[in-house]
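Step one of this worksheet: look at the structure below.
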Protein chains: 2
Amino acid sequence: MNKNIYMHIYNDYSAQIQSGSLSAGQKLPSENELAEAYGTSRETVRKALHMLSENGYIHKIKGKGSFVLDTQRMSFPVSGLVTFKEVSERLGRSVRTIVYENECVPSTAEIARCLQLKDLGPVWKVVRAREIEGEKIILDKDYFLTTYVPSLSIEAATNSIYEYLEQKLHLPISYAKKEISVEEVTPEDKQLLDLHDYQHIVVVRNYVYLVDTTLFQYTESRHRLDKFQFVDFARRVQN
Amino acid sequence: MNKNIYMHIYNDYSAQIQSGSLSAGQKLPSENELAEAYGTSRETVRKALHMLSENGYIHKIKGKGSFVLDTQRMSFPVSGLVTFKEVSERLGRSVRTIVYENECVPSTAEIARCLQLKDLGPVWKVVRAREIEGEKIILDKDYFLTTYVPSLSIEAATNSIYEYLEQKLHLPISYAKKEISVEEVTPEDKQLLDLHDYQHIVVVRNYVYLVDTTLFQYTESRHRLDKFQFVDFARRVQN
DNA sequence: AATCCAATCTTGTATATACAGGTTGTAAAC
DNA sequence: GTTTACAACCTGTATATACAAGATTGGATT
């Protein structure tokens, strides 16, 4: 967990801020004080503080110090790759996952394009609905390169696929691109979700890359529009 | 522009990658080579490379080097605060801004809540429509604290407000929070936009903070849903 | 020919130091 | 009393150095 010193400091303070034991506006110890407290150098402390700043936990002011930001108001996910499981656990809501499909299929032309496949090779396909408080709100359609994910158990699909991929397969997931748009509902959406009479649906296309920059997963996450929300934290310039 | 050495290196490479003179997959010089080339230290080079990595321009692999990511495929905005003017200029589309309202008004209860005002003091209100290729697609409603923005000219509202705030008023904008959701259209939306028959609209709520962490602007950007797109780049862990 | 290993690249982490420049409070000067 | 100057903090930038650890290469050994 805390392999590095700066990660240790980062985890300490991000946890304290998330839990609320450090409240908004409060001043952190100075960099020199933290360096002494953790028995390390100022540069190492600065690395941790920079990460806290980048992730919206604190705000640094030259000449004054580091101050806790209002993460309650910020809500979450504060950008970044956050899985459904992580979010639903934090929400503390009654949540259920229904697996409709979990098998190896030949890729269609569209999927091949999304995964940058040259030939129409096989892909592992997972289709799941996310039920929140009795209503099927989200339809997740995942496609994996069989090179990296030859097969997937129903248990893994029902729980967190990311947990399985990272902890069991040790796939080095590095970064992802999200595209959010609104599209017309498909017959499949109507069939697999509780859509009421909405004619449109929010589509989040997620392209996930490994550390060697190969695109190995494409996910289409289709949200009923009244339940969709996305939060993003951004800095104007680097501090 | 290039006050710092690491900013200089960052600007050099981000420009080269954006322009395409460095293409995807290409390897950057090693950190030691860059340090020598710029006549600086390795740590300074690393700061620049870290920023390029955070902003989705490059990808670092331990033991191998830094590699250019496919920013074409990434498209933009690669997260961050990107103004309408910046986006439309990059798109090269015919774009027009229509200012409906630009005046000081007493704040409503809802606006006071959004701007965290204790009393219902005055705010500077700007309402603008963005016309893209002949259709009014986006409705921007801006509210500013009069403490920081006592007034705003029609020219500033028609061009880029950010440009005016940062370059003329020298307001130290620091960070912002975006919330994206989908809501039902209001009579005002129908009146001020070319909405066709859409019953819903994408609402991007933008809370902009200064370096002293005071919230000074609240913006509601209302997009016709067929034209809305948001792109986000995220790293799983820090590299 | 295949395997192993050491040398040598690369990036990642950590430390110590120096100075620039913003912020604040205090003491001296007016 | 008000202003000015300064010292003592703070963070920001930059440099030099050291070692750890992943990647690659080529040569020696098997």
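Residue numbers begin at 1 in each chain, while the letters A, B, ... track the order of the sequences.
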Atom CD1 of A:I5 and atom P of C:dG12: how far apart are they, to the nearest Å?
17 Å

From the set D:dC10, C:dT11, D:dT13, return the single nucleotide nearest to any side-chain atom of B:S66.
C:dT11

So B:F67 and B:I58, do their side chains get closer than 4.5 Å, heavy atoms only?
no

Closer than 4.0 Å, any side-chain N/O of A:Y6 to the OP1 or OP2 of C:dA14?
no

Would you mind reading off the distance between B:R46 atom CZ and D:dA16 atom P, rounded to a whole angstrom?
16 Å

What do the steps show when you test B:E36 against B:R42 for salt bridge (charged side-chain N to carboxylate O under 4.0 Å, His left out), and what is the final call?
CA-CA 8 Å; B:E36 198 170 358; B:R42 192 182 147 217; over 6 Å; no

Does A:K177 make a cation-pi contact with A:Y207, if we ask for NZ or CZ under 6.0 Å from the ring centre and within 45° of the axis?
yes

Nearest atoms (heavy-atom pairs only) where A:N102 meets A:L152:
ND2-O, 2.9 Å

Heavy atoms within less than 4.0 Å of DNA chain D: which residues of residues 36-43 of chain A have one? Give them sorted by number.
A:R42, A:E43

Roughly, in whole Å, what's the span from CG in B:L49 to C1' in C:dT11?
10 Å

Just to confirm, is there a sub-4.0 Å distance from OP1 or OP2 of D:dT15 to any side-chain nitrogen or oxygen of B:T44?
yes

Between C1' of D:dT11 and NZ of A:K27, the distance in whole Å:
10 Å

Between the side chains of A:E103 and A:K125, is the shortest nitrogen-to-carboxylate-oxygen separation below 4.0 Å, so that they form an ion pair?
no

Testing the 3.5 Å rule here: is there a donor-acceptor pair between the side chains of B:N55 and B:Y10?
yes

Whole-Å distance between C:dC9 P and B:N32 CG?
10 Å

The side chain of A:K60 lies closest to which of these nucleotides: D:dA14, D:dA21, D:dT11?
D:dT11

Check the interface with nucleotides 24-27 of chain C: list each N/O to N/O pair with the protein under 3.5 Å, or write none.
residue, atom, partner, partner atom, Å
C:dT24, OP1, A:K64, NZ, 3.4

Base, sugar-phosphate or nothing for B:I61? Non-hydrogen atoms, less than 4.0 Å.
sugar-phosphate

Less than 4.0 angstrom from a charged side-chain N to a carboxylate O is my criterion; do B:D140 and B:R130 meet it?
yes

Rounded distance in Å - NE2 (B:H50) to C1' (D:dT13)
16 Å

State, with a plain yes or no, whether a side-chain heavy atom of A:H59 is found less than 4.5 Å away from one of B:Y175.
yes

Whether A:K47 engages the ring of A:Y6 as a cation-pi pair (distance to the six-membered ring centre under 6.0 angstrom, angle to the ring normal within 45°) should be assessed.
yes

Write down the distance between CD (A:E31) and P (D:dT13), rounded to a whole number of angstrom.
11 Å

Could you state the NZ-C1' distance from A:K47 to D:dT11, rounded to the nearest angstrom?
17 Å

